[in-house]
Amino acid sequence: MLEVRGLKVSYGGINAVKGIDLDVQDGELVTLIGCNGAGKTTTLKALSGLIKPSAGQVRYNGKDITAQPSHRLVRQGLALVPEGRGVFGRLTVDENLAMGAYSRRDRAGIAADRERILGWFPRLAERRAQLAGTLSGGEQQMLAIGRALMSRPALLLLDEPSMGLAPLMVHKIFEAIRAVAAEGVTLLLVEQNAKLALEICHRGYVMESGVIALADSARALLTNPQVRQAYLGE
């Protein structure tokens with residue numbers, strides 16, 4: 001579904017991403033782990049059209065999307081849940097979800113998807129008329145995921161969904177991620193909790209200083225001594 005070759009991203013004179021290759025197959029859960037500053041968020045922004053790569057190629061379902069802006073990619077089924085959530089604080093939960101479906105015109109389908117997403121996130125269903133800016137951090141993360149899902153993505157990019165959340169809320173978020181995957185959505189996950197990410201994903205990439213240092217099955221990475229020492233605290 002996603003094929004990345006030689007991707008480079010530069011900020012001024014700084015090479016944040018230095019020619020990486022990665023693949024995501026249809027139906028897979030793939031994680032990209034690494035320390036802060038490794039280039040993970042920059043990679044997701046380049047894949048989703050928010051920033052332009054300086055070199056390389058990104059192909060989505062066989063089509064070159066390297067130079068396409070994010071609003072066009074959303075219409076093609078590729079959506080990003082950004083780091084920091086980015087919900088519209090002065091809009092209600094329902095209004096935020098409606099914003100996620102801005103590119104759609106099928107009213108019945110939009111209504112059905114809203115109810116399905118609220119079923120995954122009962123906390124949001126209880127607060128659907130509440131302003132998003134008054135929600136807790138965990139509830140805002142649920143809303144950010146729900147808003148992205150309203151575009152009916154085939155490929156969902158998730159950037160640090162557990163950041164800053166209490167353990168119980170992290171558990172609820174990852175339960176929802178599993179439910180989304182069970183519906184057939186393909187996922188590329190950037191996550192600071194490497195153990196949790198590797199436990200739910202099929203494959204993983206380890207990014208260090210803008211390059212892919214390791215790539216293997218999630219199970220193999222969980223038992224890799226280098227990964228265990230550097231990212232799992234063991």
| task | Verify the distance criterion only: is there a donor paired with an acceptor across the side chains of Glu139 and Gln130 at less than 3.5 Å? | result |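 Their side chains do not contain a donor-acceptor pair, so the 3.5 Å distance test is not met.
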According to a hydrophobic-cluster definition based on side-chain heavy atoms being under 4.5 Å apart (Ile, Leu, Val, Met, Phe, Trp, Tyr only), do [X] and [Y] belong together?
X      : Y      : result
Leu232 : Val190 : no
Leu7   : Val211 : no
Leu32  : Val227 : no
Leu135 : Ile173 : yes
Tyr231 : Leu196 : no

Whether the side chain of [X] engages the backbone of [Y] through a donor-acceptor N/O pair (distance < 3.5 Å, no angle test) should be reported.
X      : Y      : answer
Lys40  : Gly34  : yes
Thr31  : Gly204 : no
Ser151 : Gly100 : no
Arg59  : Leu2   : no

| field | Neighbour count >12 (heavy atoms, 6.0 Å) for atom CZ, Arg72 | value |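 Result for CZ/Arg72: open.
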| Counting heavy atoms not belonging to Glu126, are there more than 12 under 6.0 Å from its CD? |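 Yes - once you tally the heavy atoms of other residues, nucleotides and ligands closer than 6.0 Å, there are more than 12.
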If you look at every heavy atom in [X] and [Y], which pair is closest and at what distance?
X      : Y      : result
Thr66  : Asp64  : OG1-OD1, 2.6 Å
Pro153 : Ala79  : CB-CB, 3.9 Å
Ala132 : Leu143 : CB-CD2, 3.6 Å
Ala194 : Ile33  : CB-CD1, 3.9 Å
Ala181 : Leu29  : CB-CD1, 3.5 Å
Val87  : Ala144 : CG1-N, 4.1 Å

| task | Run through the side-chain heavy atoms of Ile, Leu, Val, Met, Phe, Trp and Tyr, join any pair under 4.5 Å, and report what else lands in Leu91's cluster. | result |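 Reading the cluster by chain and number, Leu91 sits alongside Phe88, Met99.
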| If you group Ile, Leu, Val, Met, Phe, Trp and Tyr whenever their side-chain heavy atoms sit less than 4.5 Å apart, what else falls in with Val74? |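 Taking Ile, Leu, Val, Met, Phe, Trp and Tyr as members, Val74 shares its hydrophobic cluster with Tyr102.
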| task | Using the salt bridge (charged side-chain N to carboxylate O under 4.0 Å, His left out) rule, collect all pairs that involve residues 196-213, keeping only residues at least two apart or in two chains. | result |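 Of all non-adjacent pairs touching residues 196-213, those that pass salt bridge (charged side-chain N to carboxylate O under 4.0 Å, His left out) are Glu28-Arg203, Lys195-Glu199.
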| Derivation of the side-chain contact (heavy atoms from CB on, under 4.5 Å) call for Asp23 and Tyr205 | CA-CA 10 Å; Asp23 297 287; Tyr205 293 89; 4.1 Å; yes
| field | Set of side chain to side chain contact (heavy atoms under 4.5 Å, CB included) partners for Asn61, sequence neighbours left out | value |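 Partners of Asn61 under the side chain to side chain contact (heavy atoms under 4.5 Å, CB included) test: Met1.
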| task | With sequence neighbours excluded, tell me which residues meet side chain to side chain contact (heavy atoms under 4.5 Å, CB included) with Lys8. | result |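 Testing Lys8 for side chain to side chain contact (heavy atoms under 4.5 Å, CB included), a comparison that skips the adjacent residues, returns Ser54, Ala55.
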Separation between [atom1] of [X] and [atom2] of [Y], rounded to the nearest 0.5 Å:
X      : Y      : atom1 : atom2 : answer
Met142 : Arg147 : CE    : CZ    : 15.5 Å
Arg116 : Met150 : CZ    : CE    : 9.0 Å
Asn193 : Leu198 : CG    : CG    : 9.5 Å
Ile145 : Phe121 : CD1   : CZ    : 4.5 Å
Leu80  : Leu73  : CG    : CG    : 10.5 Å
Ser103 : Gln76  : OG    : CD    : 11.0 Å

For [X], all residues meeting side chain to side chain donor-acceptor pair (under 3.5 Å), sequence neighbours excluded:
X      : answer
Asp106 : Arg104
Arg128 : Asp94, Glu115
Arg114 : none

| said: Please evaluate residues Arg123 and Lys172 with respect to the criterion side-chain contact (heavy atoms from CB on, under 4.5 Å), reporting the C-alpha separation (whole Å), side-chain torsions for both, the decisive distance (0.1 Å), and the verdict. | reply: CA-CA 10 Å; Arg123 296 278 281 271; Lys172 290 182 180 297; 4.2 Å; yes
Atom pairs and distances, donor-acceptor, side-chain atoms in residues 44-53, under 3.5 Å, two or more places apart:
from  : atom 1 : to    : atom 2 : distance (Å)
Ser48 : OG     : Leu44 : O      : 2.9
Ser48 : OG     : Lys45 : O      : 3.3

| query | Could you walk me through whether Ile65 and Leu78 pass the side-chain contact (heavy atoms from CB on, under 4.5 Å) check? | reply | CA-CA 11 Å; Ile65 61 166; Leu78 191 158; 4.0 Å; yes
| task | Quick one: list whatever passes salt bridge (charged side-chain N to carboxylate O under 4.0 Å, His left out) with Arg178, sequence neighbours left out. | result |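 Salt bridge (charged side-chain N to carboxylate O under 4.0 Å, His left out) check on Arg178 returns nothing, list empty.
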Enumerate donor-acceptor pairs with a distance under 3.5 Å from any side-chain N or O in residues 13-22 to protein atoms, sequence neighbours excluded.
from  : atom 1 : to     : atom 2 : distance (Å)
Asn15 : OD1    : Ser10  : OG     : 2.8
Lys18 : NZ     : Ser209 : O      : 3.1
Asp21 : OD1    : Gly6   : N      : 2.7

| request: Give the intermediate values and the outcome of side-chain contact (heavy atoms from CB on, under 4.5 Å) for residues Asn224 and Asp216. | output: CA-CA 10 Å; Asn224 183 296; Asp216 212 330; 5.8 Å; no
Only pairs under 3.5 Å count here: list side-chain donor-acceptor contacts from residues 154-164, not counting sequence neighbours, and write none if there are none.
from   : atom 1 : to     : atom 2 : distance (Å)
Asp159 : OD1    : Thr41  : OG1    : 3.2
Asp159 : OD2    : Thr41  : OG1    : 2.9
Glu160 : OE1    : Gln192 : N      : 2.6
Ser162 : OG     : Glu191 : OE1    : 3.4
Ser162 : OG     : Glu191 : OE2    : 2.4

| message | A side-chain contact here means heavy atoms from C-beta on lying under 4.5 Å apart; do Leu187 and Ile200 qualify? | response |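 Of all side-chain heavy-atom pairs linking Ile200 with Leu187, none is under 4.5 Å.
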